[in-house]
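Following: one structure in structure tokens, then a few remarks.
Since this is a predicted model, take the numbers as computed values, not measurements.
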Amino acid sequence: MRKKTISNIIFEFLSAIMILIVIIPIYLIVVNSFKNQAEAADMSLMLPTQWSILSNYKEVFTQSNIPLALYNSLILSVFSVTFIIIFSSISAFIIQRRKDKFSDFLKKVMLAGISIPFSVVSTFLLMQKLHLTGTYFGMILLFTAAFFPFITYIYTGYFNELPRDIDESAVLDGCGGLSLFFRIIFPLLKPITATAIVIAFMGVWNDFSLVIYFFNSADKFTLTLTVYNFFGMYSSNWNLVFADLILVSVPVILVYIFLQKYIISGLTAGAVKG
Amino acid sequence: MGISFHGYPHSYIKDDIMKTENLLMRKTYSYKYLMPGLIIFVFLVILPAVGSFYYSVFNYNGLKVGEFVGLNNFKEIFTNSNVNICFKNTFIFSAVTLFLKVVLGLAFALLANTQIRTKGLFKSILFFPVILSSVAVGVSFTAILHPETGIVNIILRTVGLGALAHEWLTDPGIVMYSIAAVDVWKNVGFHMALFLAGLQIIPHDLYESAFIDGAGSVKKFIHITVPLLLPVINTNILFSIIGGMKVFDSVYVLTGGGPGNASQVINTIVLSNFAQMRYGEATAANVILFVMVMITILVLNKFLGMVEKEV
């Protein structure tokens, strides 16, 4: 018992250190976003002597074009995530339920698809030919394509846990096709869907490498891109840069708080057992 | 139809099942339902990836395909003096992040699985940076790693370890390790979560019977945890290496490939060629990355599969 307490104390200590290593940088960003320019330049952990929360956040809101960027980010995320969830869940259902050569092949294609680096120039040429560069629709399709294999992969893992009896009895009750999937199967997928939404939403919202190539013009840019541009323009005003990146991160933080409890269980079912 | 029903004793049951099975296959498990997603994916991911092999052997006038130049674009890439450093950096970044993410990810998962009082907080806090954008994290760390005002050097100096203070992002010798450390800070929570998920499915009675047999913590870890966690360890290794080879955001935001070219990686080379409208070279660099990733995946899958079978 004695030994147990000693190791417990060590573990508590290690855990506290790790928590600090993560929290201090975050605290630093937050507290410095409340300071005026001169104080923020010191980047200290002290509380501000002169609080300029409102003025900083107001200035960022007007200077970095946040309303338009927010609109763009919302359009891209909401539609991309919806497409990703619908297409991936039903594809995974079919891939997992069918046990033939083609479905085995598709499983491998999904795994390869997760790792394929995206090809800048040929994607650019293709998007241009289809008149999709710099359009919402083109970006939504790109995001859908980019996340399709990974989200399909974690759904496939989850279907291993979902007995086929459900499908069979539904068919015997005269329910088939798409209505079987969306009325009976899809509601059973809540935990994994929550995980998939978090992953896809964060991926789209936070994306930098696709938007910097394909969605980077005077009126087509996302919130994440404003952080980068704002950083370039205001690199001496750390208070504003920090306020900007906090504003931009709020939506993902909210989504995370609401869906947090599903993540581990979703990953258990999707990525680990699958 | 793929599935056979031999072994059912009564043929009428067999008929019934066959009927249901037929209905399911035709109406519910129909491949036509997966077509929309698959088509978008094939058109916008597979096709460009395969197409880049074709596009890598041409010259470009603006974004128009020009004349056939054979392997010249590859020659350009390989004779460019930055190329060695960019391969080396990609390798350093992948190796360092792989090691730290897997080792620390597992250690943190085990820590979060003990009976410590802070474990709920520990899990939430460590996962938190995962949800932030790498741009936000990168921008923040340019401030945190600043040689004069950055908190890292300030803390080192205050605790008397001033000798360890460095110019983290401007010293060519360590810049790549600094970027790797930031990436680990941001993403280790994801790997912890994967390991935690894996630990949940190890049956608890295995540990109990090992305890009765007198096995200590280390023995239990080596003989129960590691073998049963092997598939999850492999998943973590794959995710980490793939992410490492494709790294772009963190490098681009933290240093832009600098100082000089000291932190260029393959994907920043793609961007810099693209930005200079050298589309042929950009595509060639892309093809090189594609081939490297695919080879790594194939080799790793073979190797990890073998290890899994051994155990």
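Between A:F147 and B:F41, the distance from one ring center to the other does not fall under 6.0 angstrom. Residues A:F124 and B:Y279 place their aromatic rings such that the two centres sit no closer than 6.0 Å.
The contact between B:I151 and chain A is made entirely by side chain atoms (from C-beta outward), counting heavy-atom distances below 4.5 Å. Only the side chain of B:F108 comes within contact range of chain A, with heavy atoms under 4.5 Å apart. Only the side chain of B:V293 comes within less than 4.5 Å of a heavy atom in chain A; its backbone stays farther off. Proximity to chain A (any heavy atom under 4.5 Å) is shown, for B:F290, by both the backbone and the side chain. Proximity to chain A is absent for every atom of B:L238, based on heavy atoms less than 4.5 angstrom apart. With a 4.5 angstrom heavy-atom cutoff, B:L289 touches chain A via backbone and side-chain atoms both.
Residues passing the side chain to side chain donor-acceptor pair (under 3.5 Å) test with A:S103 are A:D100, sequence neighbours excluded. Applying the ring-ring contact (aromatic ring centres under 6.0 Å, His included) test to A:F143 and every residue at least two apart in sequence or in another chain returns nothing.
Using bins of under 30°, 30° to 60° and over 60° for the plane-to-plane angle, the ring pair B:Y252/A:F208 lands in the tilted bin.
Residue pairs meeting the side-chain hydrogen bond (donor to acceptor under 3.5 Å, both in side chains) criterion with at least one member in residues 202-213 of chain A, sequence neighbours excluded, do not occur.
Interface with chain A: from residues 30-40 of chain B, residues B:S30, B:Y31, B:Y33, B:L34, B:P36, B:G37, B:L38, B:I40 qualify, criterion being any non-hydrogen pair under 4.5 Å.
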